[in-house]
*Asks:* 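Questions regarding the structure given below will be posed in turn.
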Amino acid sequence: MLKLFFSRFRIVTISASLLQKKKKKKKKKKKAAAARAARAPPRQPAAAAAMEEPEPGAEAAAPPGLRSLLPPRDFLGSRKGQLLLAESVLSFIIFICYIASSAASFMMAPLLEFLLALFLFFAYASKLNEKFKGLYWPLTDFLRCVTAAVIYFAISIAAVSKYNDGASKAAGVFGFIATIVYAIDFYITFNDLVTFLKQGNSESPERRKSEDEDSDSDSD
């Protein structure tokens, strides 16, 4: 009987010690997890993280100062914007070719046409023609295109026929291309000028009627 009692007592003590060891291990694991959670940075909610993340196109976007200098995409995609851009680029190339050639006396014409085309490009892009309506924009643009086409055709023939260097020949070839571009531009501008003049003629009878009514009221 005593042997059975001692054996059972040993079994109970061993099981109690094992239970205490398991409890100690659990407590150690809880302490280690709490320490890790304290060291780790606090988690932000998904909405806050989305607010803090920059947009993909925010860094690549141009600053507002440069945006004001760049022309709008609508004008660049329009027919008038492409023609003015082609005229300015061709005039600048012809100016450089005449500087490097023996026909340097012709360089003032492409320089003036380059400046005028560049001015009108930014004027139409910034819609100055709508702000300053006192100037007849279609008429001035039409006269500019006609004179540029005639001047480029004349100096290109002279550069190709009288001078034998490569820069003069290149200037003459680009001059013929510029003549075609300016001819297309003044044809389109002529149509705009006709519509502009028709609008002015349609408004003039109404103005005459109003002036006649004012004169009749003053006479009464």
Side-chain angles (χ1 to χ4, degrees), residues 55-101 103-159 167-168 170-203:
E55 295 181 357
E59 296 178 358
L66 293 176
R67 286 180 184 176
S68 61
L69 296 176
L70 294 175
R73 293 181 180 178
D74 298 335
F75 181 71
L76 286 175
S78 64
R79 184 170 54 186
K80 187 64 179 178
Q82 291 176 0
L83 284 172
L84 285 171
L85 188 62
E87 289 167 4
S88 59
V89 171
L90 285 170
S91 298
F92 184 74
I93 292 171
I94 295 166
F95 172 68
I96 296 298
C97 290
Y98 276 127
I99 288 176
S101 68
S105 58
F106 295 148
M107 69 179 182
M108 288 304 297
L111 178 60
L112 291 174
E113 296 301 333
F114 168 71
L115 295 175
L116 287 173
L118 197 64
F119 168 73
L120 284 176
F121 178 78
F122 284 103
Y124 281 117
S126 58
K127 296 181 180 180
L128 288 177
N129 56 337
E130 296 179 0
K131 296 177 182 178
F132 300 99
K133 294 183 178 180
L135 182 63
Y136 294 101
W137 293 90
L139 181 60
T140 54
D141 198 8
F142 174 74
L143 293 175
R144 178 189 68 89
C145 293
V146 170
T147 54
V150 172
I151 289 170
Y152 272 129
F153 185 72
I155 64 175
S156 298
I157 291 175
S168 299
V173 172
F174 282 112
F176 287 124
I177 298 171
T179 304
I180 296 170
V181 173
Y182 275 101
I184 296 169
D185 197 1
F186 81 70
Y187 175 74
I188 296 169
T189 309
F190 178 74
N191 294 328
D192 295 337
L193 181 61
V194 169
T195 56
F196 177 76
L197 293 174
K198 284 181 180 179
Q199 289 177 359
N201 291 327
S202 63
E203 289 177 357

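Because the structure is predicted, anything quoted here is derived from the model rather than measured.
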*Asks:* Which atom pair, heavy atoms only, marks the closest approach of Q82 to L76?
*Replies:*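 Nearest pair, atom of Q82 first, then L76: CG-O, 3.3 Å.
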
*Asks:* Kindly indicate whether the side chain of I94, heavy atoms from C-beta on, has any atom under 4.5 Å from the side chain of Y152.
*Replies:*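 Side-chain contact under 4.5 Å: yes.
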
*Asks:* Starting at OH of Y187, measure out to SG of C145 and round the result to the nearest 0.5 Å.
*Replies:*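 Nearest 0.5 Å value for the OH-SG distance: 14.5 Å.
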
*Asks:* Tell me which one of S168, S105, P110 satisfies side chain to side chain contact (heavy atoms under 4.5 Å, CB included) with Y98.
*Replies:*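 For Y98, the side chain to side chain contact (heavy atoms under 4.5 Å, CB included) check succeeds only for P110.
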
*Asks:* Quick check: does any side chain N or O of S88 sit under 3.5 Å from a backbone N or O of L85, one acting as donor and the other as acceptor?
*Replies:*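 Judged by distance alone, yes, a pair lies under 3.5 Å.
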
*Asks:* For E87, what residues pass the salt bridge (Lys or Arg N to Asp or Glu O under 4.0 Å) criterion, not counting sequence neighbours?
*Replies:*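 For E87 the salt bridge (Lys or Arg N to Asp or Glu O under 4.0 Å) partners, ignoring immediate neighbours, are R144.
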
*Asks:* How many angstroms lie between atom CZ of F142 and atom OG1 of T147, to the nearest 0.5 angstrom?
*Replies:*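 Nearest 0.5 Å value for the CZ-OG1 distance: 10.0 Å.
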
*Asks:* Under 3.5 Å, side-chain donor or acceptor atoms of residues 116-124 against the rest of the protein: list the pairs with distances, not counting sequence neighbours.
*Replies:*
none

*Asks:* CD1 of I93 to CD1 of I96: how many Å apart, nearest 0.5 Å?
*Replies:*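 Here the rounded value is 9.5 Å.
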
*Asks:* Just distance, no hydrogens or angles: give the donor-acceptor pairs under 3.5 Å from side chains in residues 170-182, sequence neighbours left out.
*Replies:*
{"unit_1": "T179", "atom_1": "OG1", "unit_2": "F153", "atom_2": "N", "d": "3.4"}
{"unit_1": "T179", "atom_1": "OG1", "unit_2": "G175", "atom_2": "O", "d": "2.8"}

*Asks:* If I take atom CZ from residue F92 and atom CG from residue L115, how far apart are they, to the nearest 0.5 angstrom?
*Replies:*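 Going from CZ on F92 over to CG on L115, the span is 10.5 Å.
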
*Asks:* Between CG of L83 and CZ of F186, what distance do you get to the nearest 0.5 Å?
*Replies:*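 If I round to the nearest 0.5 Å, the distance is 12.5 Å.
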
*Asks:* For the CG atom of L112 and the CE atom of M107, what is their distance to the nearest 0.5 Å?
*Replies:*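 So the gap between those two atoms works out to 10.5 Å.
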
*Asks:* Considering all heavy atoms of both residues, which atom of A109 and which atom of I151 are nearest to each other, and what is their separation?
*Replies:*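 In terms of heavy atoms, the two residues are closest at CB-CG2, 3.8 Å.
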
*Asks:* I need the minimum non-hydrogen distance between A183 and A149, along with the two atoms involved.
*Replies:*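 Shortest heavy-atom contact: N-CB, 4.4 Å.
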
